[in-house]
Chemist: 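Structure below; questions to follow.
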Protein chains: 2
Amino acid sequence: MATIDDVAKAAGVSTSTVSYVLSGKRPISGPTRARVERAIRDLGYRPHAGARALASSRTNVIALVAPLRVAVNVNVIMEFVTGVVQAARTHNYDVLLLTQDDATGIDRVSSGSMVDAIIAMDIEEDDPRIPLLAQARQPAVLIGLPRDSSGLSCVDLDFFGAGTATVRHLAQLGHTSLAMLGAPEAVWKRHTSFWDRTLSGATYEANARDISLHAIACEASEVGARTAVATILSTHPDTTGLIVHNEAALPHVVAALRDRGLSIPDDMSIVAICPQHLATSQPQPLSSVTIPATAIGKVAVDMAIQRLNDPEQPAETRLLAAELTQRATTAAPHSAPVAP
Amino acid sequence: MATIDDVAKAAGVSTSTVSYVLSGKRPISGPTRARVERAIRDLGYRPHAGARALASSRTNVIALVAPLRVAVNVNVIMEFVTGVVQAARTHNYDVLLLTQDDATGIDRVSSGSMVDAIIAMDIEEDDPRIPLLAQARQPAVLIGLPRDSSGLSCVDLDFFGAGTATVRHLAQLGHTSLAMLGAPEAVWKRHTSFWDRTLSGATYEANARDISLHAIACEASEVGARTAVATILSTHPDTTGLIVHNEAALPHVVAALRDRGLSIPDDMSIVAICPQHLATSQPQPLSSVTIPATAIGKVAVDMAIQRLNDPEQPAETRLLAAELTQRATTAAPHSAPVAP
DNA sequence: TTGAAAGCGCTAACAT
DNA sequence: ATGTTAGCGCTTTCAA
């Protein structure tokens, strides 16, 4: 492999000149630049990443800590990862992938100076990774909203806003009896932040509008979805609007309602909180609040890079606004036409 | 951050001794080792990855080129990735994630010495990445089977064997009229290797047993699945066994058959080729050939590491045997009981 | 069994 | 606008 000295020799300049041509950190005359670039191309020169990292203390690599279990929401996870990787590339960064359960991973890549920044997804209220990230020398960005972010930057969808938006939408259509089909039992218990916030938002808005709202857990399976639907219909038969925040159960919920002879949206309106492709790929496109996973991944990277380039930059939390798109599954309830 | 020299000073030894304690590449006396290890712990010392890479030409990082689009088979992709990351960790390697469409990625990480080996997944018959990988200085392993692997190591499920296994299973149950519901049109066109091989295997076995088999494409959507089922039932109404090699369509195929009043497996046997969790998470667990994604990822890493440690090691292709597990969706056809 | 020292390939002062 | 050079922190030969 050609080194920077080979290039310098071939171009008849000093090594530093080659370095500066590459980094653009000082002005280079036209002819010199041309000769250097020529030599670089001729030799197929590529800077050695390790040497660069050693001399500059910059790796141009970001660590991404992702939940690589076979999860219910693989699609969302995938979208986050994609967003992060693509955004990183636009800043000329690559991504080192760590799994959630690689307990020593954060410390390893941080202390070993393998990366310049760390992004952690799927953050829970009291996430054990937070202290590790807080003491890392590299800036860290959390995707999700913990109870205490202790000076770390955070980015997430405004799930509270997503909750209020779904209730508001249905309320404005004239619904007064709503049900919410949420995360599995285990997620309620874990107090995974996003679910707590959606529920709070929806409850808050329902209270404010004096509308009834009953939320229940739902396992991520066909059986779980059918059970949840059955429970709702039997305990609250007057329900006319259903909010579903559970990607895996979503299609089965729709199927279960149809099987019971309920027509959507005539007998039951449905609004989902899910990735857009899931909402639009259904036979009947779902009214939904989109989880902008790609965008969130991108913002996470942008925040990390910003803090890298300006260490004075304080940590901040950014919540992306929830936007509800009405599609085919919501309408005024039969029993109560839209208020004027 | 503490350096190796800090540790050496604290332990009262030379830097090389510290290095050798860490690498184990030469014998160290008990007391010396103890003092060094003590110093390492006290100082919280971690070798600098870049410095190490520069001095040793080893990064302890593997590149993984993955299709991070919102694909139909995200679950499988995720499983591959998980398998690779976990296996890499057992060898003390980390994983750098590149996306399929990052055209310059392979060259960047290879020429820049960012990684020690490269694993590429979702390989097609004439994959444009193959020449890039073949000329890389690092060993490369392909997950998938290209037409010409030009000296690269490959690993994959034996899809030909998967095809024969599904037909054999149904034949042994007494079926004589089979249909195969495969990949979307686009995949047939692209000649994605796995699909071609499954089809060949199934066709081969059907011919050998003088059984009829009709394969058709199927789009990865509910509509696509229903259309495909309708086509099969109308053009080949005598079909009693269905082979489904299309994760996304799978649940909809089952639903479509049920909607038409066909009972499974009484009126129609179904055997799938899909990841295990998909087969077992259905309300009626599917007889299936499992795609052992995690295992394949692991094998890919093992092969890469092996070639790293022994450059003489020649490239090889490893096909993991297809194993069919009978679950609830296959039985003898009504019309023709099991042969004795 | 241990130490001294020469690089590995680059960046970024410091010179000119 | 360009050149010289001292490190960056580690591995590994060569010596003892």
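None of these values were measured; they are calculated from a predicted model. Below, chains carry the letters A, B, ... as their sequence lines are ordered, and counting in each starts from 1.
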Chemist: A:S110: which residues meet the side chain to side chain contact (heavy atoms under 4.5 Å, CB included) condition with it, sequence neighbours left out?
Modeler: A:I118, A:A136, A:Q138

Chemist: Got a second to check how far A:N60's CG is from A:R52's CZ, nearest 0.5 Å?
Modeler: 7.0 Å

Chemist: Are A:D5 and A:T3 close enough that a side-chain donor and a side-chain acceptor fall under 3.5 Å?
Modeler: no

Chemist: For a 4.0 angstrom threshold against heavy atoms of chain B, report the outermost contacting nucleotides of DNA chain D in 5' to 3' order.
Modeler: D:dG9 to D:dC14

Chemist: Distance only, no hydrogens: is a donor on one side chain within 3.5 Å (strictly under) of an acceptor on the other, for A:S29 and A:T32?
Modeler: yes

Chemist: What string of B, S and - do you get for nucleotides 9-16 of chain C 5' to 3' if you count protein non-hydrogen atoms under 4.0 Å?
Modeler: BBSBBB--

Chemist: Does the side chain of B:D302 pick up a donor-acceptor pair with the side chain of B:H91 at under 3.5 Å?
Modeler: yes

Chemist: Could you check whether A:S14 and A:T17, counting side-chain N and O atoms only, form a donor-acceptor pair closer than 3.5 Å?
Modeler: yes

Chemist: With side chains defined as the heavy atoms from C-beta onward, is the minimum distance between B:R318 and B:D156 less than 4.5 Å?
Modeler: no

